[in-house]
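Throughout, a chain's letter reflects where its sequence line sits, starting with A, and its residues are numbered from 1. Computed from heavy atoms alone, side chains included, the values below leave out hydrogens, waters and symmetry copies. From a predicted model like this one, the values you see are computed outputs, not experimental measurements.
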There are 2 protein chains.
Amino acid sequence: MFSKACEYGIRASVFIAEQSLLDRKVSLKDVAEAIESPAAYTSKILQRLSKSNIINSDKGPTGGFSMDKSELEKVKLSSIVYAIDGDNIYNGCGLGLKKCNADKPCPVHNQFKVIRDELKKMLETTSVKTLAIDFEKGLTFLRR
Amino acid sequence: MFSKACEYGIRASVFIAEQSLLDRKVSLKDVAEAIESPAAYTSKILQRLSKSNIINSDKGPTGGFSMDKSELEKVKLSSIVYAIDGDNIYNGCGLGLKKCNADKPCPVHNQFKVIRDELKKMLETTSVKTLAIDFEKGLTFLRR
DNA sequence: TAAATAGTGGACAAAATTATCCAATATAAA
DNA sequence: TTTATATTGGATAATTTTGTCCACTATTTA
């Protein structure tokens, strides 16, 4: 479905969001431990999220990663997925054809369109904030 | 969504099915040209489909790949996907957690479950035969 | 201003996926 | 039975994705 990088990206975002709700900045190490991911690789992913203005990163002592509490509910899963995996999930053909649309559809174009549209809607309506709140309550998990 | 191998596998199956409806066996070369895929790689994929009893393969002159017309509507997309990509699509966690279920769910477990179940249902109800018939009619395309 | 800390960016390495090549095998037809 | 044809299977290569390492920059604190 998503690349491993994107999976780490979503998990990291949920963790950073949750900690931000508690007014805590987190270090790369914190993130990697919380989501059980390779630290150096996670660093690259956080860089992308930072450049896409999804998370903040501050250097130096007392630095770390964070998200603005006030903007947290505006951040949807779709932004994270787009920042890391681009738009292949939405626009790419399910059978890998370069040109595939209603005019010249692949054999499963219509069947896939239904699924994709649902996936898209889900990603666009699910905010990181609600995921962070459930995680904070101990209802969901980011490792194992 | 699927691996490239799986995409080729589905496209190849639709082509082979369509040709089988016309009582024609097709060679590896035919398949590769019809679906615009690397022949040698496609060969490996057809081997898997053959071992999973989804397609027939006959060696020697007049040999080639084919599908039994009588069993064609029993072959669903789900069999092909399973033969090539396994069951990660259904059972794997959307965020890559090794253990993720209703008891210990990842943050997007429930949201993904809805999508997955729809995808699963779609794959399990879509037969290669109907896809082949639409392709035969010129309604759908396997290349470009 | 010096030292310690934390993220950045570039080069590099490992693993997985995708793709190629070719000798071997099976089979139909001459 | 020989020849031509078509798939098979194993080795190998290229590419992409995933993951690591390390010197550098920015920033806070003493």
Side-chain angles (χ1 to χ4, degrees), chain A residues 1-13 15-16 19 24-67 81 83-86 88-89 92 95-96 98, chain B residues 1-12 16 19 24-67 81 83-86 88-89 92 95-96 98:
Chain A
M1 186 88 79
F2 302 134
S3 68
K4 216 132 193 48
C6 190
E7 291 173 356
Y8 290 146
I10 294 173
R11 279 152 68 190
S13 299
F15 175 66
I16 295 170
Q19 292 292 299
R24 293 185 201 138
K25 275 184 191 173
V26 291
S27 70
L28 171 63
K29 192 158 162 277
D30 293 335
V31 175
E33 277 167 9
I35 72 172
E36 219 163 44
S37 66
Y41 192 50
T42 304
S43 167
K44 303 296 182 190
I45 295 160
L46 295 182
Q47 280 176 40
R48 291 191 75 100
L49 293 178
S50 167
K51 280 179 187 161
S52 301
N53 297 309
I54 290 168
I55 64 175
N56 308 122
S57 80
D58 299 291
K59 286 185 176 178
T62 77
F65 299 95
S66 63
M67 295 177 80
V81 172
I84 300 178
D85 279 353
N88 357 27
I89 276 271
L95 296 189
K98 279 168 216 121
Chain B
M1 187 88 78
F2 303 132
S3 68
K4 214 134 193 45
C6 190
E7 291 173 355
Y8 291 146
I10 294 173
R11 285 199 262 156
I16 295 169
Q19 292 292 297
R24 293 186 199 139
K25 276 183 189 171
V26 292
S27 69
L28 170 62
K29 192 159 162 275
D30 293 334
V31 175
E33 277 168 8
I35 73 173
E36 218 163 43
S37 66
Y41 191 52
T42 304
S43 167
K44 302 298 183 192
I45 296 160
L46 295 182
Q47 279 177 41
R48 293 192 75 102
L49 293 178
S50 167
K51 279 177 187 160
S52 302
N53 298 309
I54 291 168
I55 65 175
N56 308 121
S57 79
D58 299 291
K59 286 184 175 180
T62 77
F65 299 94
S66 62
M67 295 177 82
V81 172
I84 301 179
D85 279 352
N88 357 29
I89 276 270
L95 296 190
K98 279 169 214 120

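- In this structure, A:Glu7 does not pair ionically with A:Arg11, as no charged nitrogen and carboxylate oxygen lie closer than 4.0 Å.
- A donor-acceptor contact under 3.5 Å links the side chain of A:Gln47 to the base of C:dG9.
- Among the nucleotides D:dT28, D:dA4, C:dT20, the one closest to any side-chain atom of A:Pro61 is D:dT28.
- In summary, of the residues considered (A:Leu46, A:Asp30, A:Leu49, A:Ile35), a side-chain contact (heavy atoms from CB on, under 4.5 Å) with A:Ile16 occurs for A:Leu46 alone.
- Taking only side-chain atoms of B:Pro38, from C-beta outward, the nucleotide of D:dG19, D:dC21, C:dA19 with the closest atom is C:dA19.
- Closest to the side chain of B:Tyr41, out of D:dT5, D:dT7, C:dT20, is C:dT20.
- Listed pair A:Tyr8 / D:dT18 fails the phosphate criterion, with no side-chain N or O lying under 4.0 Å from OP1 or OP2.
- Where B:Lys4 and A:Ser50 meet DNA chain C, the nucleotide closest to each residue was compared, and A:Ser50 sits on the side nearer the 5' end.
- Among the atoms of the strands shown, none is found under 4.0 Å from any heavy atom of A:Lys25.
- At the heavy-atom level, B:Ser43 lies under 4.0 Å from base atoms of the strands shown.
- No hydrogens or angles were tested; on distance alone, a donor-acceptor pair under 3.5 Å links the side chain of B:Lys44 to the base of D:dG10.
- Listed pair A:Ser57 / C:dT8 meets the phosphate criterion, a side-chain N or O lying under 4.0 Å from OP1 or OP2.
- With B:Lys25 contributing its side chain and B:Thr62 its backbone, the two residues share a donor-acceptor pair below 3.5 Å.
- A straight line from CG of A:Asn56 to C1' of D:dA26 spans 16 Å, rounded to a whole angstrom.
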